[in-house]
2 protein chains.
Amino acid sequence: MAPSTRARILDAALELIQQVGFTGTTVTAIEERSGLSPGSGSFYRHFRSKEDVFRAALERELERAQQYRREFERGTVEDPQAALARRFLQQLDYMAKIRPLINLLAREHGQFPDLTSRIGGILLDRGIVEEAGHLTHDLRAHVDHADPHALLTVVVSALSGYHLARQFFGHPPAEVTPERFAATLAALITSPRTADPHGTE
Amino acid sequence: MAPSTRARILDAALELIQQVGFTGTTVTAIEERSGLSPGSGSFYRHFRSKEDVFRAALERELERAQQYRREFERGTVEDPQAALARRFLQQLDYMAKIRPLINLLAREHGQFPDLTSRIGGILLDRGIVEEAGHLTHDLRAHVDHADPHALLTVVVSALSGYHLARQFFGHPPAEVTPERFAATLAALITSPRTADPHGTE
DNA sequence: GTCTATACCGAGATAGAC
DNA sequence: GTCTATCTCGGTATAGAC
């Protein structure tokens, strides 16, 4: 079925806000991109204001993000290192899917103070922290570390940093593919520590 | 000595652009923040246009960034793990100093296409890649790894991701301090690999 | 529910007095 | 080098016909 005008407006607004920001986006441009006559106020039959459509688009993306999380596979843990690498690739894929949210956060986190905590709540609390719980559980049997909390922070930071570099610059840092990146990170984590050399094998 | 009007305008413009973006920043607001009469065109005695002051502020920050890099200490390599951790803390400190550049990149990288490559050139080519060279050299004696290129990408991504999380959300991920983070990352790197267990000690 | 037309305001930029 | 005053344009939003 064809998307409703309201949905097309949401699409157009989200796209434009990512490209030129909230203040840079004009209602006229949103109308033009939605197939409405530019300059006519037809937009206002669907949303009360520009800020209104901005918040509606944000809420829709937050809904989608939570949906993506629910679709996450929870694979079996056979080879811990290979399983970890697959998990990391899933995380990168997830971040690619919520790209609009990350763009909004990067761009407008100063303008809308509630936006930061709203997105942060979904991304960190619901997303990463939950994932961190899984990782801690799965890894306990395979990884010894003096400071598991800090170890998880390193992992999460590495995944975020790699994704953001790709997103900002259009290509991965040092042209390292996601597969190489995930494998390297997984190998790093599952190696026994020198500080605690009574490894599991 | 008191800063010149031109310098005060540059300060005001940079500050405002980080807060509300380029299109969100008005010349009137810049004048007000610079101690000029808001609404008067006094701004235009110093810069030809809003875009002009934006580019001038950007160039000034790029200059400063290169200056910060020159001040980087090159410590002696005694204890490799401790030296690495110190190096990582320096990197985080550097990123904190160039915060305006990172903000500009995050915010306006869609609007000014040349900006991305310009900042990317300084940050990546001159900054991280150069640093990566040092790391590769210093670590060769202490770290064995099958894919040193990918290992460096992991390190750089972790540092970037940790910094950006702090910058966006106002506090470090999982409340892990920079010291803990750097120490954990350094320990991770300097441990011998299982895949190549003929370590150096 | 989309159009034409328009009111209103704020922002970028200029002219000219001091 | 800063001010007052002003021009012009573009953007938000509304009114009313179809």
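Proteins get letters first, then strands, A, B, ... in listed order; numbering begins at 1 in each.
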Any side-chain donor paired with an acceptor under 3.5 Å for B/Gln167 and B/Asn103? yes

Assert yes or no for the condition that the ring centre distance of A/Phe112 to A/Phe54 is strictly below 6.0 Å. yes

Can you pull out the residues from residues 53-60 of chain B that lie within a 4.0 Å heavy-atom distance of DNA chain D? none

Close residues, residues 20-38 of chain A, relative to DNA chain C [heavy-atom separation under 4.0 Å]: A/Leu36, A/Ser37

With sequence neighbours excluded, residues passing salt bridge (Lys or Arg N to Asp or Glu O under 4.0 Å) with A/Arg64: A/Glu61

With sequence neighbours left out, the residues meeting side-chain contact (heavy atoms from CB on, under 4.5 Å) with B/Pro173 are A/Thr153, A/Ser157, B/Tyr162, B/Ala165, B/Arg166

Scan for salt bridge (Lys or Arg N to Asp or Glu O under 4.0 Å) pairs involving residues 89-103 of chain A, sequence neighbours excluded, and state none if there are none. A/Asp93-A/Lys97

Among residues two or more places apart or on two chains, list those pairs meeting side chain to side chain donor-acceptor pair (under 3.5 Å) that have a residue in residues 24-39 of chain B. none

Find out whether the Lys NZ or Arg CZ of B/Arg69 is both under 6.0 angstrom from the six-membered ring centre of B/Tyr94 and within 45° of the ring's axis. yes

Of B/Ser40 and A/Arg8, the one whose nearest nucleotide on DNA chain C sits closer to the 5' end is A/Arg8

Which residues pass the salt bridge (Lys or Arg N to Asp or Glu O under 4.0 Å) test with A/Arg180, not counting sequence neighbours? B/Asp147

Holding to salt bridge (Lys or Arg N to Asp or Glu O under 4.0 Å), I want the full list of residues that pass it with B/Arg60, two or more places apart in sequence or in another chain. B/Asp11

Please enumerate all residues that pass side-chain contact (heavy atoms from CB on, under 4.5 Å) together with B/Leu152, with sequence neighbours excluded. B/Ala132, B/Leu135, B/Thr136

For B/Arg55, is there an ion pair with B/Asp114 - N to carboxylate O distance below 4.0 angstrom? yes

Chain B vs DNA chain C, heavy-atom contacts under 4.0 Å, first-to-last nucleotide span, 5' to 3', is C/dA11 to C/dG16

Which residues in residues 42-52 of chain B have at least one heavy atom lying under 4.0 Å from any atom of DNA chain D? B/Ser42, B/Arg45, B/His46

The criterion is salt bridge (Lys or Arg N to Asp or Glu O under 4.0 Å); which residues satisfy it with A/Glu59, sequence neighbours excluded? A/Arg118

